[in-house]
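Heads up, the thing below is written out as structure tokens.
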Amino acid sequence: MARILITSALPYINGIKHLGNLVGSQLPADLYARYCRGRGHEVMFICATDEHGTPAELAAAKAGIPVADYCAQLHKVQADIADGFRLSFDHFGRSSSPQNHELTQHFAARLADNNLIEEVSDKQVYSKTDKRFLPDRYIEGTCPNCGYEQARGDQCDECTKPLSPVDLIEPYSTISGSKDLEVRETKHLFLRQSRMVDQLDEWICSKSDWSILTTSIAKKWLDDGDGLRDRGITRDLDWGVPVPEMPGKVFYVWFDAPIEYIGATAEWAQTQGLDDAAWQRWWRTDKGADDVRYVQFMGKDNVPFHTLSFPVTIMGSNEPWKLVDYIKSFNYLNYDGGQFSTSRGRGVFMDQALSILPSDYWRWWLLSHAPENSDSEFTWENFQASVNKDLADVLGNFASRVTKFCRAKFGEVVPEGGEYGADEKALIETLTKRIKAYGEHMDAMEIRKSAAELRAIWVAGNEYLQTAAPWSKFKTDPAAAAAIIRLSLNLIRLYAVLSAPFIPDAAKALQDAMKCADTSWPDDVQAALNTLPAGHEFTVPEVTFAKISDAQREEWQQQFSGKRD
RNA sequence: GGGCCUGUAGCUCAGUUGGUUAGAGCAGAGCGCUCAUAACGCUUUGGUCGCAGGUUCGAGUCCUGCCGGGCCUGCCA
């Protein structure tokens, strides 16, 4: 039994995430967590909302409530939706927690001790009307390059030229529209990442099993131009982790957010009524974490923070904190010919998805089409076709045909009699081989390959039934049919166990219908297929997966074609 | 402009360190079965592997150029 620490990139507090966000980190992380638990490993699966920063402050102001209240509300909303998708976090924390405050300040102090923090005087735009410093992108004006009048202070959307706020002609605050701006001098702490380049480079080069996507992004930042630059880790804001001895300043989200992986584990310990040792054994290699395997899941946009900045925080502390062992990163999911967009409300959002279909439908499609090697695309046609075929026809109908046949011929009880012969032997051989492959793909976090293998395992059941043809044998040799059905009912339970990481609700429903609580991994297929003995009662399950009709698909296609309100 | 990724059957994708007739699922066609959510099984039609060169006994797989798609180019996280 291994100990596996799993973290999903933290969703930002500012609103409900779309399916592209979901498939980029939380969902695959959940798949892996469920699988690892299913194999009997000890798992700590952590996620949290990322609550600091300007967008949260502005959203709260817009809603007319204090930012702390806003975050508390939205955290609840996100937690409920995560629950709806059956994301099995051991703890879904908040980066604004006391634990994270303490840890963030702790890391900053250690980094300072090790001469990795530098105070730098910087110039930033201040809006007198808004009474706050403005991040570059919250300042707009006319682009000096192309004349576009709504160019942002970091980059012009029209001509894509990178800009600085001071470049803009007639700049104004996007918050208030005020042009009463001035450049003020302000002091900030910078993380001296550049001093750690060699150490980072060596570390990343040692990770030969990481994907090209992950390592190429990391190396690009290490080697690009002047190399890895030092980075400001504080901001002039009220909402955040206060910087000691620097009133009015907080740590930048980018610094405190990854630390919340640790903070959330500490939150978990507290909610469980456990002491510090309980979470430290996951994070401190001097306190029991030396045998932990730590895996992170994230979208590609988050890779730089997890391959460079956060490791600098960890390594630079000179304390024995656990570094990540494997990073699983994802490309983007597109929506029907374009990108999902939170700001433009394009695509299907998590709450909307759950309002039209159970989570298993989404889980299956998203995971079996996860953007692992390149960006992938969601279309309603593809979604309907995949879900109907894989879930309703191949898996759901298998359970249906077996249980209904049994009920009609033998009653709702596992029938006795008959012997297993060549067909059964062949099936067991096939399953043994495929389940081994399935496990290997899951171990390697090859998600689409795992899904394909699982589907092939479902198909094997239908192939077997066709060959064994119990409906035909029943007429001349009822005992032979009984043996076939006995095995097939066991197969339903086996499918429930194997499928649970992908489609937990359906798996539970099938397991319940078979009236069996045994969910142990089928290391021995033959034994697993004898779990339900003759005489064991079961019930015919409700339709496990109803099909998506053309009419429904067209309605949703229409419903989600425009903007979200 | 620079960097990285990507372009394989109608669709979604596999193709390991270059090696025999390029694979899967879906869709299409034919056959079979009738237990089942008109479901299932079997067989089968589709590809000059973006284009053009090059290296090699041999390239989807390496090199060069071009074309198309995507991402990044650092204070939104």
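Letters A, B, ... are given to chains in the order of the sequence lines, protein chains preceding strands, and every chain is numbered from 1.
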Kindly give the atom pairs (protein nitrogen or oxygen, nucleotide nitrogen or oxygen) under 3.5 Å for nucleotides 59-64 of chain B.
none

Query raised in the report: Could A:Lys328 and A:Phe330 be counted as a cation-pi pair, given that NZ or CZ must be under 6.0 Å from the ring centre and within 45° of the axis?
Result: yes
Query - Modelled atom types, side-chain donor and acceptor of A:His306 and A:Tyr261, under 3.5 Å - result: yes
Query raised in the report: Quick one: do the A:Asp236 and A:Thr186 side chains pair a donor with an acceptor below 3.5 Å?
Result: yes
Query raised in the report: What's the base orientation of B:rG47: syn (chi within 90° of 0) or anti?
Result: anti
Report summary line: In whole angstroms, the gap separating C1' of B:rA77 from OH of A:Tyr252 amounts to 6 Å
Query raised in the report: For A:Asn373 and B:rC71, what is the distance between atoms CG and P respectively, to the nearest whole Å?
Result: 17 Å
Query raised in the report: NA contact type, A:His52, heavy-atom cut-off 4.0 Å: base, sugar-phosphate, or nothing?
Result: nothing
Requested in this report: Kindly assign one of parallel, tilted or perpendicular to the pair A:His101 and A:His52, based on the angle between their ring planes and the thresholds 30° and 60°.
Outcome: perpendicular
Query raised in the report: Hey, what do you get for OH (A:Tyr361) to NZ (A:Lys547), rounding to the nearest 0.5 Å?
Result: 10.5 Å
Query raised in the report: Taking the nucleotide of RNA chain B with the closest heavy atom to each, which residue, A:Gly232 or A:Lys404, is nearer the 5' end?
Result: A:Lys404
Query raised in the report: Would A:Phe405 count as stacked on B:rC35 if the rule is ring centres under 5.5 Å and plane angle under 30°?
Result: no
**Report entry** Any A:Lys449 side-chain N or O less than 4.0 Å from OP1/OP2 of B:rU16
**Finding:** no
Report task. Check whether any side-chain N or O of A:Asn331 sits under 4.0 Å from OP1 or OP2 of B:rU6, and answer yes or no. Result -> no
Report summary line: From the candidates B:rC75, B:rG70, B:rG41, the one with an atom nearest any side-chain atom of A:Lys300 is B:rG70
Are any protein N/O atoms closer than 3.5 Å to N/O atoms in nucleotides 22-29 of chain B? If there are, list each pair with its distance.
none

Query raised in the report: Using 4.0 Å as the upper bound for N to carboxylate O, is an ion pair formed by A:Lys436 and A:Glu440?
Result: yes
Report task. Would you check if the distance from the ring center of A:Trp365 to the ring center of A:Trp380 is below 6.0 Å? Result -> no
**Report entry** Quiz item: A:Asn397 side-chain donor-acceptor pair to B:rA36 base, under 3.5 Å
**Finding:** yes
Requested in this report: Find the runs of at least 3 consecutive base pairs, i with j, i+1 with j-1 and so on, that include RNA chain B, using Watson-Crick or G-U wobble geometry with both distances under 3.5 Å.
Outcome: B:1-7 with B:67-73, B:10-13 with B:23-26, B:28-32 with B:40-44, B:50-54 with B:62-66
